[in-house]
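Heads up, the thing below is written out as structure tokens.
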2 protein chains.
Amino acid sequence: MEHRCENCIIRQFNSLRALNKDELKKVSDSKISKIIKKGDALFTEGQKLDGVFCVRNGVSKLSKLSSNGKEQIVKLTNRGEIMGQRSVIAEDFTNLSATAISEMEVCFIPKETISNILNTNPYFSLEVLRHLAHDLKEADDVIVNMSQKTVKQRLAEAFIYLKNNYGEDVNGFLSLTLSRDDYANIVGAATESLIRMISEFKKKGLIKTDGKKIGIVQDCTLQELADGF
Amino acid sequence: MEHRCENCIIRQFNSLRALNKDELKKVSDSKISKIIKKGDALFTEGQKLDGVFCVRNGVSKLSKLSSNGKEQIVKLTNRGEIMGQRSVIAEDFTNLSATAISEMEVCFIPKETISNILNTNPYFSLEVLRHLAHDLKEADDVIVNMSQKTVKQRLAEAFIYLKNNYGEDVNGFLSLTLSRDDYANIVGAATESLIRMISEFKKKGLIKTDGKKIGIVQDCTLQELADGF
DNA sequence: TGTATTAACTGACAATTATCATGTTTTAGA
DNA sequence: TCTAAAACATGATAATTGTCAGTTAATACA
């Protein structure tokens with residue numbers, strides 16, 4: 001049973017909402033649905049993408065290798081996001097790798113379909129522009145955080161972000177479970193440093209842990225920490 | 001004597017190249033030319049922009065204040081760049097401040113003019129998209145550099161960037177003269193740390209200084225340093 | 001042209017963070 | 001279920017970077 005884009009609510013959350021019936025049909029006819037297993041890559045840095053991915057479900061990390069071989073996670077994607085647009089628009093190699101953090105359900109849309117619509121539907125272009133503009137603003141914020149905040153502040157901020165964006169389970173643990181390594185690659189620190197900091201937060205009663213799982217205990221104190229108090 | 005966009009070569013370097021004669025006339029009729037003195041602001045963080053700036057000449061820094069009150073320079077603009085598009089497109093407050101680093105000659109184009117063209121000319125939208133895509137890629141690179149490279153590496157990289165993008169004078173000094181404070185805010189370090197590093201580079205013969213002015217002496221060694229060797 | 005202000009610089013020291021070494025726990029798969 | 005590999009964890013130490021305090025040099029401008 002294949003899904004039709006016409007019936008997919010996800011498109012309301014991204015630039016595909018600007019499409020008319022006819023365009024939507026073309027997208028639906030050309031798209032390919034895929035299941036990506038946790039840990040598998042959607043694409044890797046330097047690859048030429050011949051389409052974009054629309055995320056129906058699941059979470060991925062967008063990361064980049066630095067010259068010293070360490071991975072830096074630049075962004076976590078949400079449900080409803082379109083991935084790979086930057087690369088398709090600029091007709092450029094991807095500058096980022098995308099890896100599934102949880103099992104994902106995505107639709108691949110060939111770039112010809114996207115290009116055609118971009119060339120004819122200014123509302124679609126405008127929607128895409130708005131999304132890129134949003135990403136750019138977020139990237140600027142990350143730059144400032146990276147250079148002006150301590151690792152401790154960035155980690156506190158990451159916890160709050162994860163809670164706000166992905167929620168928590170019935171026991172108060174973050175729904176999105178990341179490895180310590182992933183945390184280190186988000187805040188940009190050595191894994192050992194990061195683990196130590198998690199221990200410290202736990203000792204202070206700010207968070208609780210259960211294996212890999214992390215739960216936020218003191219939202220406010222954590223927020224203050226992130227803001228530098 | 002007012003300049004006409006139709007005769008301005010600068011537009012070949014930015015998204016305005018996608019305009020037709022009629023659109024160009026509209027831009028030219030609605031634009032306002034301005035001279036911005038060194039040190040003056042074009043706009044500041046949190047402001048609502050009612051247009052974009054097309055840079056005919058001069059250099060500016062795009063910066064953002066962090067919660068601890070320190071300034072972080074996110075990007076230096078080049079001749080021919082359009083500033084403020086992100087904010088106008090997203091109909092959002094600016095997330096950055098723009099300050100002239102040298103005397104600037106800019107044209108202010110009202111957002112109505114831009115919006116009209118965006119809504120009707122898909123080639124223009126596509127050009128703007130390409131530029132945003134490029135900015136986004138650069139921002140990702142900055143994130144990785146900030147988190148994975150040392151201050152020393154980032155400074156070396158900054159020197160190379162300044163030489164490649166703004167050139168040097170007949171005596172081999174960088175054409176763009178920045179204050180030590182600006183350098184610190186580019187690489188994201190304390191001003192004192194940065195000054196110390198400049199002294200060190202000088203002592204090692206990698207650069208030369210003359211007051212504020214800085215000249216690159218050993219390009220290759222500096223590049224290697226930036227790459228982490 | 002003198003003076004006030006700002007920018008550049010240096011030293012001493014403290015805080016943050018990375019690295020290396022090593023042990024423990026968890027996980028995946030034969 | 002056993003075992004190898006991966007992930008987690010902690011200590012000791014070194015490197016990096018920031019902070020504070022103070023000096024000197026440059027710049028602006030009355």
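Quantities reported herein were computed from a predicted structural model and do not represent experimental measurements.
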Notebook entry, point to check: Under 4.0 Å between a Lys/Arg side-chain N and an Asp/Glu carboxylate O for B:Asp219 and B:Lys163?
Noted result: yes
If you go through the side-chain atoms of [X], does one of them form a donor-acceptor pair with the base of [N] closer than 3.5 Å?
X: A:Arg180; N: C:dT25; result: no
X: B:Arg196; N: C:dG11; result: yes
X: A:Glu192; N: D:dC8; result: no

Notebook entry, point to check: Picking from C:dT10, D:dG18, C:dT16, which would you name as closest to the side chain of A:Thr150?
Noted result: C:dT16
Next item on the list: Tell me which nucleotide among C:dT19, C:dC9, D:dG18 gets nearest to the side chain of A:Ala190.
Entry: C:dT19
Note to self: If the cut-off is 4.0 Å, is B:Ser193 near the phosphate of D:dG18, judged by side-chain N/O to OP1 or OP2?
What the structure shows: yes
Margin query: OP1 or OP2 of D:dA26 versus the side-chain N and O atoms of B:Lys212: is any pair under 4.0 Å?
Written below: no
Can you measure [X] atom [atom1] to [N] atom [atom2] for me and round it to whole angstrom units?
X: B:Asp181; N: C:dC9; atom1: CG; atom2: P; answer: 12 Å
X: A:Gln153; N: D:dT17; atom1: CD; atom2: C1'; answer: 15 Å
X: B:Glu200; N: D:dT17; atom1: CD; atom2: P; answer: 10 Å
X: A:Asn68; N: C:dA18; atom1: CG; atom2: C1'; answer: 11 Å
X: A:Lys213; N: C:dT26; atom1: NZ; atom2: P; answer: 13 Å
X: A:Lys37; N: C:dA28; atom1: NZ; atom2: C1'; answer: 13 Å
X: B:Ile214; N: C:dA7; atom1: CD1; atom2: P; answer: 16 Å
X: A:Ile198; N: C:dT17; atom1: CD1; atom2: P; answer: 15 Å

Notebook entry, point to check: How close do A:Leu65 and A:Glu45 get, heavy atom to heavy atom, and via which atoms?
Noted result: N-OE1, 3.0 Å
Note to self: Treating B:Ser175 as the side-chain partner and B:Tyr166 as the backbone partner, does any N or O pair qualify as donor plus acceptor under 3.5 Å?
What the structure shows: yes
Check: Counting N and O atoms only, with roles assigned by atom type, does the side chain of A:Ser28 sit under 3.5 Å from a partner on the main chain of A:Cys5, one being a donor and the other an acceptor?
Finding: yes
Next item on the list: Using heavy atoms to find the nearest nucleotide of DNA chain C for A:Lys149 and B:Thr209 separately, return the residue whose nucleotide is more 5′.
Entry: B:Thr209
Item checked: Most 5' of B:Ser179 and A:Lys152 on DNA chain C, judged by nearest nucleotide -> B:Ser179
Next item on the list: Could you go through the side chain to side chain contact (heavy atoms under 4.5 Å, CB included) check for B:Arg130 and A:Glu91 one step at a time?
Entry: CA-CA 9 Å; B:Arg130 291 213 179 93; A:Glu91 295 171 57; 3.3 Å; yes
Check: Looking for any heavy atom pair under 4.0 Å, which part of the strands does B:Ser199 touch: base, sugar-phosphate only, or nothing?
Finding: sugar-phosphate
